[in-house]
Each structure stands twice: as C-alpha cells, then as structure tokens.
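Here's the structure we're looking at; comments come further down.
Residue numbers run from 1 in the order of the sequence given. We count ligands from 1, going down the list as the structure has it; atoms in each ligand are counted the same way. Just so we're clear, the structure is a prediction, and the values are computed from it rather than from any experiment.
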Amino acid sequence: MTSSLVDLYREISLCRDCELAEGRNKVVPGDGAENAKIMFIGEAPGFHEDQQGRPFVGSAGHFLDELLNSIGLDRRKVYICNVVKCRPPGNRDPLPKEIDACRKWLDRQIEIISPKIIVTLGRHSMAKFFHGSSISKIHGTSQEIDGRVCFAMYHPAAALHQQSLRKTIEADILKLPGILAQSEDVKQPDPEPKQLSMF
Ligand code: SF4
C-alpha cells in the first residue's frame, strides 16, 4: 500500500530530531483515514502507545472510543495523532523544544488530511491553535482558525485523573456533530456570473 501518509510515516519513523528518540520503543505517528473530516490531536504517546506504535490505545484511548461512539463515529473514519510522536519519559509533559522539533510532522499530517475540523485534546494541542487561551475557559467551543474549524476539548485522560471532568468531556463532544454539519453547510462562493451574449 502506498499513500502520502504511509510515506510520511516512513519518514517519521526515522526521525531523531529531539531527545525523545532515545527512550522510545516505537514511534507513534498517527492512525486513521487519510480522507478523515475530523482530526483529533492529543499530546504525546504513553506506555501502551509506545509499545504498539498506535495513538490512544490505553485507558484514555478507550474513553475516546466511548466518546466517539456516543456521537455515532467510528474510530476508523476519523484521524487521531499527537503533537509529539515519541513517548516522553515517565509520561511527563512534552517540552516546548520537543513540540517545536516535532511540529513539522504534525503540519504535514494536517496538510495531507486537510480535515474540516481539528479537535484539540488537552492544553498542548490547544496551544498550537488557540494562542494564549485557557482550556478551562474555551473547552467545548470552536473557532475558525486559518480556514479550518478548531474545537477545543479536555484531554480524555483528564477524566481518568479527575472524575468530575468526565461529564464535561461527554457533554462537549455532543456538540461536534452540529459543528461538522455547519462546516459542511458552508456554501462555496458562486462562480463569476457569465457575460450574456447579445446574439
Ligand atoms: S518526538 Fe518528534 S521530533 Fe522528537 S524524535 Fe520523535 S518524531 Fe522526531
């Protein structure tokens, strides 16, 4: 099988542009459909992701699957990735210099998939799109940024650490189908009216 994404995954798997390459077991580039309309961007691979080379396969991933099911979405129809593609030691937050080094891969994924909606999961991916915002203020809201609709959510892992956030996250994802429908309703501008011939 060959596709732009598979070619990109090959390049990412060879990347050693930051220190996270030292401790990784597997690179975790991303997972999902190349023509996905919705792209979810989390923070970084954890233990299970690093073992399997796939994003969101641990407890937070199972909760994400539940959230997708709650709005009738199949994981195979969306695209899921992280801001950094290698596991930070001890599951610490990715450092700004690691996010910077990995930015090129995320940018190319966005370019190839060209999703209608980007859902940011957690504050690190939120910071890429919603500059200077706080997740507690903007979760569950969307904005058009650089010609794409961006929707901010808490990271699913937040619900595992803080049970009270579970209901918030479950309520936020219910807004996604409406936002998708709206983004698909945006009409293309009419072509220039043709000059009518007099003859
Ligand atoms: S985290 Fe990103 S930049 Fe760092 S080594 Fe892995 S793929 Fe390369």
Side-chain angles (χ1 to χ4, degrees), residues 1-36 38-65 68 75-115 117-135 145-146 148 150-161:
M1 173 180 149
T2 177
S3 76
S4 309
L5 263 187
V6 172
D7 291 344
L8 181 65
Y9 291 171
R10 215 167 279 135
E11 281 187 66
I12 299 176
S13 70
L14 301 173
C15 177
R16 305 196 69 84
D17 289 349
C18 82
E19 289 167 7
L20 295 183
E22 304 304 321
R24 75 185 177 211
N25 185 44
K26 285 189 175 164
V27 176
V28 186
D31 199 16
E34 189 157 331
N35 62 353
I38 306 179
M39 181 173 190
F40 290 83
I41 306 176
E43 295 186 359
F47 174 82
H48 296 285
E49 289 77 15
D50 175 67
Q51 293 290 312
Q52 297 182 34
R54 291 184 62 217
F56 283 90
V57 290
S59 316
H62 294 146
F63 183 39
L64 180 61
D65 289 343
L68 293 175
R75 184 183 171 116
R76 288 166 300 182
K77 296 266 170 65
V78 301
Y79 191 80
I80 303 174
C81 65
N82 287 303
V83 289
V84 297
K85 315 302 185 197
C86 304
R87 183 190 180 207
N91 289 352
R92 66 156 168 74
D93 284 349
L95 302 174
K97 63 180 179 182
E98 293 158 355
I99 294 174
D100 280 350
C102 217
R103 176 168 293 123
K104 56 186 173 293
W105 302 129
L106 180 56
D107 287 344
R108 282 181 55 192
Q109 285 170 309
I110 294 171
E111 195 184 307
I112 291 170
I113 293 154
S114 193
I117 299 180
I118 289 176
V119 182
T120 63
L121 299 173
R123 61 197 166 86
H124 291 291
S125 61
M126 178 198 72
K128 178 176 171 65
F129 301 95
F130 302 87
H131 303 295
S133 300
S134 146
I135 186 85
I145 299 168
D146 297 336
R148 263 182 240 290
C150 298
F151 181 60
M153 287 186 61
Y154 280 105
H155 194 285
L160 308 176
H161 304 307

(message) Can you give me the closest heavy-atom contact between E43 and V83, atom names plus distance?
(response)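 Looking at all heavy atoms of both residues, the closest pair is O-CG2, 3.0 Å.
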(request) Measure across P29 and C81 and return the closest heavy-atom pair with its distance rounded to 0.1 Å. (result)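 That would be O-CB, 3.6 Å.
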(message) Please list all pairs meeting salt bridge (charged side-chain N to carboxylate O under 4.0 Å, His left out) that have one or both residues in residues 48-63, counting only residues at least two apart or in different chains.
(response)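 Those involving residues 48-63 are D31-R54.
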(request) Verify, without hydrogens or angle tests, whether S125 (side chain) and I41 (backbone) share a donor-acceptor contact under 3.5 angstrom. (result)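 Side chain of S125 to backbone of I41: a pair is present.
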(message) Less than 6.0 angstrom separating the ring centers of H155 and F63, yes or no?
(response)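 When the ring centroids of H155 and F63 are compared, they turn out to be at least 6.0 Å apart.
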(message) Ignoring waters, how many N, O or S atoms from the protein are under 2.8 Å from atom 6 (Fe) of ligand 1?
(response)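 Counting protein N, O and S atoms closer than 2.8 Å to atom 6 (Fe) of ligand 1 gives 1.
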(message) Which residue is it: R92, R103, R24, R87? I am looking for the one with a salt bridge (Lys or Arg N to Asp or Glu O under 4.0 Å) to E98.
(response)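 For E98, the salt bridge (Lys or Arg N to Asp or Glu O under 4.0 Å) test succeeds with only one of R92, R103, R24, R87, which is R92.
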